[in-house]
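Accompanying notes for the structure given below.
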There are 2 protein chains.
Amino acid sequence: MPVQLLRDVGLRVTRQRTAVLDALADRPEAVSAQELYTEFRNAGDSIGLSTVYRALESLDEAGLLDSFPREGEQVYRRCSPKHHHHLICIDCSRVEELEATLVEDWVASVSNVHDFEVTGHRADIYGRCIACAA
Amino acid sequence: MPVQLLRDVGLRVTRQRTAVLDALADRPEAVSAQELYTEFRNAGDSIGLSTVYRALESLDEAGLLDSFPREGEQVYRRCSPKHHHHLICIDCSRVEELEATLVEDWVASVSNVHDFEVTGHRADIYGRCIACAA
DNA sequence: GTTGTTGCAAAGAATTTGCAACATA
DNA sequence: TATGTTGCAAATTCTTTGCAACAAC
């Protein structure tokens, strides 16, 4: 339930934020603010474009969403709260979450060897999902 | 020598493309088209902004440059032709190239386990370089 | 009631495009 | 000479911001 999620991260529960979370629920592919805005409009939902941008931004900061750039725009999707990597379909934007011990090991080893204060990392795999590869 | 590089990838050798390659030579940090354009102007070099965009795009496609998004804009840097990953300073944009067998192993294992036609991957580590961490 | 949120329209920023002039091969 | 490239200005697209009305707590 979106309401509880919002409370948990200390954001006010508004119709708009709830709508955004609902729209992203169980959606495997990532979407941009523009796409989401268009969906709302087509569905007859009244939401401002800047509100969609602001909602996605706060939800992302709160850790409720993943976000990454795709072809010049930022895209978002619901994600599990624990650290993970991605398997991203370059055709349909469908995303699968991956855990990857190997990657964590790599990061640890690099931070040991280099004079570098590691603050984060990202590791994603691109390709075509079974549906799009056909 | 930029001239040879351009020939090798089948691009015409122009003053502008050569200038872009020169400007990127041995520069450890990544730069955007806008930044490069400003540098040229300040140096008295006459180059159009769209030309900088187009030069970076073709050089990137030719595999002579790495590129990744940074705060809403695309940034570029010279890179070695072989596959590698990055250690990126979030303060000064300095980039170090990494080879990572562990990452390659991970990608291979994922492509074996999932119904997914892998076309590429990317793995980068973010943090502060020794100079910026001070 | 206080404070955070929304919506709109305007502003901003990065990037792309049309097209005539021009440079490279 | 034929074709790829440049430069400029205009157009596009994504994103942010100011501010008054409004909703959540």
Side-chain angles (χ1 to χ4, degrees), chain A residues 1-23 30-62 64-65 67-77 93, chain B residues 1-23 30-62 64-65 67-77 93:
Chain A
M1 62 218 335
V3 173
Q4 195 54 49
L5 283 176
L6 288 170
R7 293 228 165 84
D8 290 344
V9 297
L11 289 174
R12 283 200 181 170
V13 178
T14 66
R15 175 177 62 82
Q16 293 84 343
R17 290 213 258 246
T18 308
V20 167
L21 278 179
D22 279 338
V31 291
S32 68
Q34 303 278 354
E35 288 166 344
L36 218 44
Y37 173 68
T38 305
E39 276 190 26
F40 284 135
R41 299 213 100 222
N42 291 344
D45 263 1
S46 153
I47 276 202
L49 174 59
S50 32
T51 302
V52 175
Y53 272 101
R54 287 188 278 227
L56 290 171
E57 188 187 7
S58 6
L59 296 171
D60 183 26
E61 276 173 9
L64 264 39
L65 304 182
S67 84
F68 36 93
R70 184 191 62 197
E71 292 162 31
E73 64 182 2
Q74 201 65 17
V75 294
Y76 301 82
R77 67 180 277 286
S93 284
Chain B
M1 60 215 342
V3 173
Q4 196 52 51
L5 284 176
L6 289 169
R7 293 229 165 84
D8 289 346
V9 297
L11 288 175
R12 283 201 181 171
V13 179
T14 66
R15 176 177 61 82
Q16 294 84 343
R17 289 212 261 247
T18 308
V20 167
L21 277 179
D22 279 337
V31 292
S32 68
Q34 302 279 353
E35 289 166 343
L36 220 44
Y37 172 69
T38 305
E39 275 188 28
F40 284 134
R41 299 213 100 222
N42 293 343
D45 263 0
S46 153
I47 271 204
L49 174 59
S50 32
T51 302
V52 175
Y53 272 101
R54 287 187 278 224
L56 290 171
E57 188 186 9
S58 3
L59 296 172
D60 184 25
E61 277 175 8
L64 264 36
L65 305 182
S67 83
F68 33 93
R70 185 190 63 196
E71 292 160 33
E73 64 180 3
Q74 200 67 14
V75 295
Y76 301 83
R77 68 180 277 286
S93 284

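Numbered from 1 within each chain, the chains take letters A, B, ... in sequence-line order.
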(message) Whole angstroms only, please: what is the CZ-C1' distance between R70(B) and dC14(D)?
(response) 18 Å

(request) Indicate yes or no: at least one non-hydrogen side-chain atom of Q16(B) is less than 4.5 angstrom from one of V52(B). (result) no

(request) Please report, rounded to the nearest Å, how far the C1' atom of dG4(D) is from the CG atom of L6(B). (result) 13 Å

(message) With the threshold set at under 4.0 Å for non-hydrogen atoms, list the residues of residues 34-49 of chain B touching DNA chain C in residue-number order.
(response) Q34(B), L49(B)

(request) May I ask you to decide if T14(A)'s main-chain N or O and T18(A)'s side chain share a donor-acceptor pair within less than 3.5 Å? (result) yes

(request) Determine whether L59(B) and V9(B) make a side-chain contact, defined as any pair of heavy atoms from C-beta on separated by less than 4.5 Å. (result) no

(message) Whether E35(A) and R70(A) form a salt bridge (side-chain N of Lys/Arg under 4.0 Å from carboxylate O of Asp/Glu) is what I want to check.
(response) yes

(message) Could you check whether any side-chain N or O of R41(B) sits under 3.5 Å from a backbone N or O of S46(B), counting only pairs where one atom can act as donor and the other as acceptor?
(response) no

(message) Whole angstroms only, please: what is the CD-P distance between E61(B) and dG4(D)?
(response) 15 Å

(request) Using a 4.0 Å cut-off on protein heavy atoms (strictly under), produce a 5'-to-3' string for nucleotides 18-25 of chain D with B for base contact, S for backbone-only sugar-phosphate contact, and - for none. (result) B----BBS

(message) Quick check: do Q74(A) and S32(A) have side-chain heavy atoms less than 4.5 Å from each other?
(response) no

(message) Whole angstroms only, please: what is the CD-P distance between E71(B) and dT15(D)?
(response) 14 Å

(message) Whole angstroms only, please: what is the OH-P distance between Y76(B) and dT15(C)?
(response) 7 Å

(message) Does a side-chain N or O of Y53(B) approach OP1 or OP2 of dT15(C) to a distance below 4.0 Å, or not?
(response) yes

(message) How many whole angstroms separate atom CG of L56(B) from atom P of dT5(D)?
(response) 15 Å

(request) Work out which heavy atom in L49(A) is nearest to a heavy atom in A33(A); give both atom names and the distance. (result) CD1-O, 4.4 Å

(request) Would you kindly give the CD-to-P distance between Q16(B) and dG4(D), to the nearest whole Å? (result) 17 Å

(message) Less than 4.5 Å apart, side chain to side chain, heavy atoms only: is that true for L36(B) and Y76(B)?
(response) no

